[in-house]
Amino acid sequence: VQVGFVGVRTIGLAAAIATIMALAYAAACCQTAFQETAEGNADVQEWPAVLDWKDWSWGLVFMIVMWFQSAFYAFIPTVWLVRWTVLPTILLTLAVFPLVFLASSEAGSWYPSSPVIFRSLRDRPILWFLFYVEYFAVIGLISVLMLAAMILLVWWSFLVIAPLLAALMLIESRMLGRLAWCIGKGLR
């Protein structure tokens with residue numbers, strides 16, 4: 001029994017490290033796709049090198065910080081305005097994330113402090129409205145597909161969910177990059 005417990009811990013540690021490294025590389029790929037699209041490129045020219053893990057390992061930390069900031073900014077109004085439930089907080093977090101991510105990326109900091117992005121909400125509301133329609137449509141479609149996979153495939157659902165999450169991350173990165181490009185194009 002003791003050997004089995006040690007074996008499970010060892011395999012669990014290896015799986016956790018592999019998951020963190022895979023998520024870090026995915027975050028680096030998403031940031032590369034975002035940057036290339038924001039610059040107006042139709043294709044991503046150079047993906048992050050797999051073996052240069054020191055270059056892309058901070059990408060995951062940046063994305064986690066952006067999600068936590070979004071959740072914090074979403075949690076405050078849901079506590080005050082509605083009886084706190086999980087669904088409004090999740091929806092508001094999803095809605096706030098693009099704003100936090102774009103403002104932080106444009107400012108070049110870990111804190112969303114870009115007047116250009118915040119001003120674009122006022123100056124280009126149709127652009128933001130169309131972005132959010134597409135953004136939530138993609139999230140909704142992929143969420144329905146993942147839920148169907150969990151119901152129909154149960155134990156094998158990870159074979160469907162993992163590629164769907166990867167696709168969602170890259171699609172959303174390209175959409176955010178296109179939004180940043182449109183905002184930047186409006187400034188010139």
Side-chain angles (χ1 to χ4, degrees), residues 17-71 73-74 92-143 145-146 160-188:
I17 290 171
T19 300
I20 290 170
M21 296 301 283
L23 287 173
Y25 185 70
C29 288
C30 288
Q31 288 177 339
T32 301
F34 164 75
Q35 290 169 349
E36 292 277 333
T37 307
E39 292 171 3
N41 299 331
D43 297 327
V44 177
Q45 302 299 324
E46 196 170 319
W47 293 100
V50 175
L51 298 178
D52 292 337
W53 65 272
K54 290 179 183 177
D55 290 338
W56 47 257
S57 59
W58 283 100
L60 179 61
V61 176
F62 179 75
M63 294 302 277
I64 289 171
V65 168
M66 294 301 105
W67 278 108
F68 272 116
Q69 284 183 17
S70 301
Y73 297 136
L92 195 54
T93 300
L94 288 171
V96 169
F97 177 75
L99 188 61
V100 169
F101 181 78
L102 285 177
S104 296
S105 297
E106 201 277 327
S109 73
W110 292 60
Y111 182 74
S113 59
S114 171
V116 171
I117 300 298
F118 295 128
R119 210 171 327 139
S120 71
L121 287 168
R122 180 195 68 210
D123 297 341
R124 315 237 4 228
I126 294 173
L127 176 68
W128 280 94
F129 174 75
L130 292 175
F131 168 77
Y132 275 116
V133 167
E134 292 176 348
Y135 176 74
F136 279 111
V138 169
I139 289 173
L141 175 66
I142 291 183
S143 297
L145 292 174
M146 288 191 303
V160 175
I161 291 174
L164 284 174
L165 281 175
L168 176 66
M169 290 170 60
L170 285 173
I171 290 168
E172 298 298 338
S173 296
R174 296 288 283 193
M175 288 174 64
L176 284 167
R178 184 60 63 194
L179 179 63
W181 179 76
C182 289
I183 291 170
K185 187 178 174 187
L187 294 176
R188 293 182 205 128

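It should be emphasised that the depicted structure is a prediction, and the values quoted were computed from it without experimental measurement. Each residue takes its place number in the sequence, starting with 1.
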**Item:** Shortest non-hydrogen contact between Pro112 and Val100, atoms and distance
**Value:**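 Closest heavy-atom pair between Pro112 and Val100: CB-O, 3.8 Å.
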**Asked** What are the two closest heavy atoms between Pro98 and Leu176, and how far apart are they?
**Response**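 Here Pro98 and Leu176 meet closest at CB-CD2, 3.5 Å.
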With sequence neighbours excluded, residues passing side-chain hydrogen bond (donor to acceptor under 3.5 Å, both in side chains) with [X]:
X: Ser173; answer: none
X: Thr37; answer: Arg174
X: Ser114; answer: Glu106

Can you confirm whether [X] is buried at [atom1], in the sense that more than 12 heavy atoms of other residues, nucleotides or ligands lie under 6.0 Å from that atom?
X: Phe136; atom1: CZ; value: yes
X: Trp110; atom1: CH2; value: yes
X: Tyr132; atom1: OH; value: yes

**Request:** Would you list the pairs meeting ring pair (Phe, Tyr, Trp, His ring centres under 6.0 Å) in which at least one residue belongs to residues 18-44, sequence neighbours left out?
**Result:**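 Sorted pair list: Tyr25-Trp56, Phe34-Phe101.
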Among all residues two or more places apart in sequence or in another chain, which pass the side chain to side chain contact (heavy atoms under 4.5 Å, CB included) test with [X]?
X: Leu164; answer: Ile142, Leu145, Met146, Val160
X: Gln45; answer: Glu36, Asp43
X: Ile126; answer: Leu130
X: Ile139; answer: Leu94, Tyr135, Ser143, Leu168, Glu172

**Message:** Using the ring-ring contact (aromatic ring centres under 6.0 Å, His included) criterion, which residues pair with Trp67? Sequence neighbours excluded.
**Reply:**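 Trp67 satisfies ring-ring contact (aromatic ring centres under 6.0 Å, His included) with Phe97 only.
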**Request:** Just jot down the ring-ring contact (aromatic ring centres under 6.0 Å, His included) partners of Trp47, sequence neighbours excluded, or say none.
**Result:**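 If we apply the ring-ring contact (aromatic ring centres under 6.0 Å, His included) test to Trp47, skipping adjacent residues, there are no hits.
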Atom [atom1] in [X], atom [atom2] in [Y]: separation rounded to 0.5 Å?
X: Arg119; Y: Ile117; atom1: CZ; atom2: CD1; value: 10.0 Å
X: Leu179; Y: Arg124; atom1: CG; atom2: CZ; value: 9.0 Å
X: Ile183; Y: Leu121; atom1: CD1; atom2: CG; value: 7.5 Å
X: Met169; Y: Met63; atom1: CE; atom2: CE; value: 6.5 Å
X: Phe62; Y: Ser104; atom1: CZ; atom2: OG; value: 5.0 Å
X: Leu170; Y: Cys29; atom1: CG; atom2: SG; value: 7.0 Å

**Message:** I'd like to know whether Trp181 forms a side chain to side chain contact (heavy atoms under 4.5 Å, CB included) with Glu39, so could you lay out the CA-CA distance, the side-chain angles of the two residues, the decisive distance to 0.1 Å, and finally the verdict.
**Reply:** CA-CA 6 Å; Trp181 179 76; Glu39 292 171 3; over 6 Å; no
**Message:** Determine whether a donor-acceptor pair (N or O, by modelled atom type, separation under 3.5 Å) exists between the side chain of Tyr73 and the backbone of Val96.
**Reply:**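 No; zero donor-acceptor contacts below 3.5 Å.
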